[in-house]
2 protein chains.
Amino acid sequence: MTRWLDDGEQRTWRAFLAASQRIQEELDRQLQRDSGMPHTYYAILVRLSEAEKRKMRMSELAGSVGSSPSRLSHAVARLEERGWVRRVPCESDRRVSWAVLTDEGLAVLVAAAPGHVEAVRRTLFDRLGPEQVGQLAEICMEILHDAVLQDPAS
Amino acid sequence: MTRWLDDGEQRTWRAFLAASQRIQEELDRQLQRDSGMPHTYYAILVRLSEAEKRKMRMSELAGSVGSSPSRLSHAVARLEERGWVRRVPCESDRRVSWAVLTDEGLAVLVAAAPGHVEAVRRTLFDRLGPEQVGQLAEICMEILHDAVLQDPAS
DNA sequence: GTACAATGCTTGAGAGTTCAACTTTCCACC
DNA sequence: GGTGGAAAGTTGAACTCTCAAGCATTGTAC
């Protein structure tokens, strides 16, 4: 009954796994080594830096970086300890917390960005032609499109 | 000096991150829920099941699943606790350990496989056309090709 | 044959993630 | 205006991963 993967699919799948794993690890290692933070923390700082007044609600931020509420809560707690992010209670809805990027956090991000972008180029874009970049974008959009991604059983 | 990403690259990069993250999480969740193990453990069982006599040296296995020696050592320790893998010392080189997939481990793998393959289809292959699958394979090969992936500074 | 480096693997501590509660606040309804 | 449920976040425990250090064993050079 199971629709097993044929040889081509098998190869594609394993290549995809290996490639994405490798990129993730390389970026994590680079950021950890050069800036003392994992990639997920970097993504949080980036997203905050782009937001109006450098602040976002926790849930919005979580959705934006593709993180669970719990993960984000833990992460922001660590970022707050380092003084890179501050949590401010929302006046109009007291369930809500604002996460605010501090000046110090922005400085750390600015310092980390060039090395990170270099790593992204080295691991991904420098290896692909322009057509492939377009194809990859298209493919990833399809994967994300209407991303139910749920098991029918659940 | 930094070669920043242009808008198209930026979008591609974020789509790629989101897509690969999403697939990883979906697979991990499915396997954890239905078979009580993370995806990395599943990969270890798969690789062992394909090996001659269902056994491999730890270092070989680590390379094969793209894991650090340390990670594999921890993982196999857990798998051994569950009785799915056994470690056997090598006679000819006593530094070496063989990891052996047990009958019980094979049974668990066989039980887990259909649900996993379904998840892979649902999250990836069902969303792409045949051309895109080919393109994706090609792209991932390029990413892995001659994968130095090292920072010049190191 | 004895020092010394390299190899194979393991270990422990620190850090991040997950999952299932749990608290607080808001909203809708009667 | 109370009540029940939904929404927003947090917390703690269990688990995995990483990194650096460590222990044997093997290979190499003198």
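Letters A, B, ... are given to chains in the order of the sequence lines, protein chains preceding strands, and every chain is numbered from 1. Just so you know, these numbers come straight off a predicted model, no measurement behind them.
Nearest approach of B:W84 to B:S35, heavy atoms of both residues: CH2-O, 4.2 Å. For the pair B:S64 and B:M56, the tightest heavy-atom approach, listed with the atom from each and the gap, is CB-CE, 4.1 Å. Among all heavy-atom pairs drawn from A:R122 and A:E26, the shortest one is NH2-OE2, 3.1 Å. When every heavy atom of A:A99 is checked against every heavy atom of A:L61, the shortest pair comes out as CB-CD2, 4.0 Å. A:S49 approaches A:R54 most closely through the heavy-atom pair O-CG, 4.3 Å.
Considering only side-chain atoms of A:S97, the nucleotide from D:dT26, D:dT10, D:dA6 that sits closest is D:dT10.
Residue B:Y41 places no side-chain N or O under 4.0 Å from the OP1 or OP2 atom of D:dC15.
Comparing B:S92 and B:Q32 along DNA chain D, the residue whose closest nucleotide (by nearest heavy atom) sits nearer the 5' end is B:Q32. When each of B:E25 and A:R95 is assigned the nucleotide of DNA chain C bearing its nearest heavy atom, the one mapping closer to the 5' terminus is B:E25.
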If you apply the rule side-chain hydrogen bond (donor to acceptor under 3.5 Å, both in side chains), what do you find for A:Q30 with A:D34, and how did you get there? CA-CA 6 Å; A:Q30 184 272 324; A:D34 297 345; 3.1 Å; yes

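Note that the first and last nucleotides of DNA chain C, 5' to 3', having any atom under 4.0 angstrom from a heavy atom of chain A are C:dG16 to C:dC26.
Atom CD of A:Q24 and atom P of D:dC17 are 14 Å apart (whole Å).
Here A:D28 lies out of heavy-atom contact (under 4.0 Å) with every strand.
Near DNA chain C, meaning a heavy atom under 4.0 Å away, the residues from residues 56-87 of chain A are A:S70, A:R71, A:H74, A:R78, A:R82.
The 12-atom threshold is not exceeded at CZ of A:R94, counting heavy atoms of other residues, nucleotides or ligands nearer than 6.0 Å.
Taken to the nearest 0.5 Å, the CD atom of B:Q135 stands 6.0 Å off from the CD atom of B:Q132.
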